[in-house]
Amino acid sequence: MKQYDYIMVGSGIAGLYTALRAKEHGSVLVITKGSIDDCNTKYAQGGIAAAVGKNDSTDLHFRDTTAAGDDLCDKEVVHILVNEAPARITDLVNFGVPFDTLDGEIALTTEAAHSVPRILHAGGDATGEHIEVTLSKQVYSSKIRVLEDCLATEIMVERGIVKGIKALDYRTGSTEEFSCRFLVLATGGAGQLFKFNTNSDVVTGDGIALAFNAGAEIVDMEFFQFHPTALRLPGVTPFLITEAVRGEGGVLRNVNGYRFMPDYVPEADLAPRDVVARSILYEMKKTGSDKVFIDATHLPPFITTTRFPHIYRFCLDHGLDITRDLIPVAPAAHYMIGGIKTDSWGETNIAGLFAVGETACTGVHGANRLASNSLIEALVFSKRMIEKTKKKAKRRAPTASQGTETRHRLSPRQMPKAIPALSLSTLQQLLWDKVGIIRNKETLTEAADFLAAWQKSLAQSTDRPTYELNNLVLTGRLVTEAALLREESRGAHFRSDFPRSSPQWQRHIVFTAK
Ligand SMILES: Cc1cc2nc3c(=O)[nH]c(=O)nc-3n(C[C@H](O)[C@H](O)[C@H](O)COP(=O)(O)OP(=O)(O)OC[C@H]3O[C@@H](n4cnc5c(N)ncnc54)[C@H](O)[C@@H]3O)c2cc1C
């Protein structure tokens, strides 16, 4: 069995940045499911948040982050995020990420719920692509070993300590075991749970399933962020239209051309994502349409084409000139706020097992992520994770986030009378219809029963599609069961039968298998 000091599973921002830092301290292997740049990171458009602007401060960044998190952020961890963010931006600059500048200064834009311009961007709306390409070049030139087309299938744990990982090379069908001192899950989120989503095909909740099955704690899964504005064109996969378009002055209109957001909230088009997503749903229902529009036609065309070259080109390829045409949009699943529970050093409750990036739940986002806080979260806690492994510090259990926790197992459920055959599309439709932007006890119970029945009948995973589907069923169950337990509305979790937040729910829902 091959032995490494560090194994990273995943090659998005979290996996690659961690690998680059880890190589200063030992041998490193990166295992990744597709090619190195198959990930969500490369799709990030808006940018990356850090208090580096003249009118900004870490206090303001802290305030905006905790306000978005709706009284569920771990404040100690948010302090760490906002204070360490500027240094991590410097790391990216040193690696060669070409952030956009204006008059010789870093250019900053604003997004929903940020009180000042705070978002750094690169290539206009191609921030994620620039970060991914820069980091992967650095990884290749550092001679870090990267195994592509390799699917992590099982974490090896002995007496509570991580020993390594089993992985399937799905081109050859062969399984190999790799041992390590530190295993880092950087597997991203689970957007493929939902019919309409903005995520890469590789984002199927694998890290959640791997960690849960190994005995790790999974927390806050009911909080799934739906982006309000993904392109809605027949036959075209939802393509994100970044909030920055509204940050630059774009406005939402319904199918009758009416600008509706000011009717819902004073912040109008720049209200938090959950508020805008729900307002759009209500407006779609009211007008009997499957979409609304972003109107950016009043912006000077050079702003649109230079700030949003990707979006401009993508829309043009689909017959829309967004300097003149309205952009049809609707909400889509976007970001997994919950995840594998870690402390502020990226450590889980299993010795030697770490989680970073979207698959981790550090407590930074609380009940709702502030736009552009995820790329920076991945960097801040990846760096800390490596610091921790250097220290040989005494292990301590991850701290409970603000408020308390309730702990749960997945229990058997009532068998439904008829169960639709399980496939990726039936699962995605079920989650979209029953566990989506607006949920209630009835829809959640129905989904929970189907998911439990599907899980009971799952065949042994043998190849990439069956592993992914089985992981999605388990992750979907965790999202649904947590959403059923949380009898209130908070942040990204909205229950039509409990439309208000309740102080008694200022706590976290944790699931474990063991
Ligand atoms: C369209 C879009 C726009 C966004 N815009 C922004 C933005 O402007 N600012 C911001 O801060 N955030 C943004 N986000 C969110 C942000 O991009 C992600 O949260 C972040 O990139 C996640 O990075 P990651 O490294 O954790 O995961 P990812 O980049 O998703 O990488 C996950 C990696 O894990 C691998 N993997 C998964 N399962 C396995 C397995 N079983 N075995 C081996 N490998 C596996 C995948 O192949 C992939 O390499 C956006 C997200 C999307 C989808």
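Side chains are part of it too, since the values below use all heavy atoms of this structure and drop only hydrogens, waters and symmetry mates. Just follow the structure's listing: the first ligand is 1, and inside any ligand the first atom is 1.
Under the salt bridge (Lys or Arg N to Asp or Glu O under 4.0 Å) criterion, Glu129 pairs with no residue, sequence neighbours left out. Residues passing the side chain to side chain donor-acceptor pair (under 3.5 Å) test with Asp269 are Arg259, sequence neighbours excluded.
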Check step by step if side-chain hydrogen bond (donor to acceptor under 3.5 Å, both in side chains) holds for Thr204 and Asn471. CA-CA 7 Å; Thr204 54; Asn471 291 340; 5.4 Å; no

For Glu177 and Lys2: C-alpha separation, side-chain torsions, deciding distance, then whether salt bridge (charged side-chain N to carboxylate O under 4.0 Å, His left out) applies. CA-CA 7 Å; Glu177 295 183 1; Lys2 289 177 194 113; over 6 Å; no

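Inspection of the Asp125 and Thr242 side chains reveals no N or O donor paired with an N or O acceptor under 3.5 Å.
The salt bridge (charged side-chain N to carboxylate O under 4.0 Å, His left out) pairs that include a residue from residues 8-30 are Arg21-Glu24, Arg21-Asp91, where partners are two or more places apart or lie in different chains.
Near ligand 1, residues Val9, Gly10, Ser11, Gly12, Ile13, Ala14, Ile31, Thr32, Lys33, Asp38, Cys39, Asn40, Thr41, Tyr43, Ala44, Gln45, Gly46, Gly47, Cys150, Leu151, Ala152, Ala186, Thr187, Gly188, Thr198, Asn199, Val202, Val203, Asp206, Leu240, His334, Tyr335, Gly357, Glu358, Arg369, Ser372, Asn373, Ser374, Leu375 come within 4.0 angstrom through at least one heavy atom.
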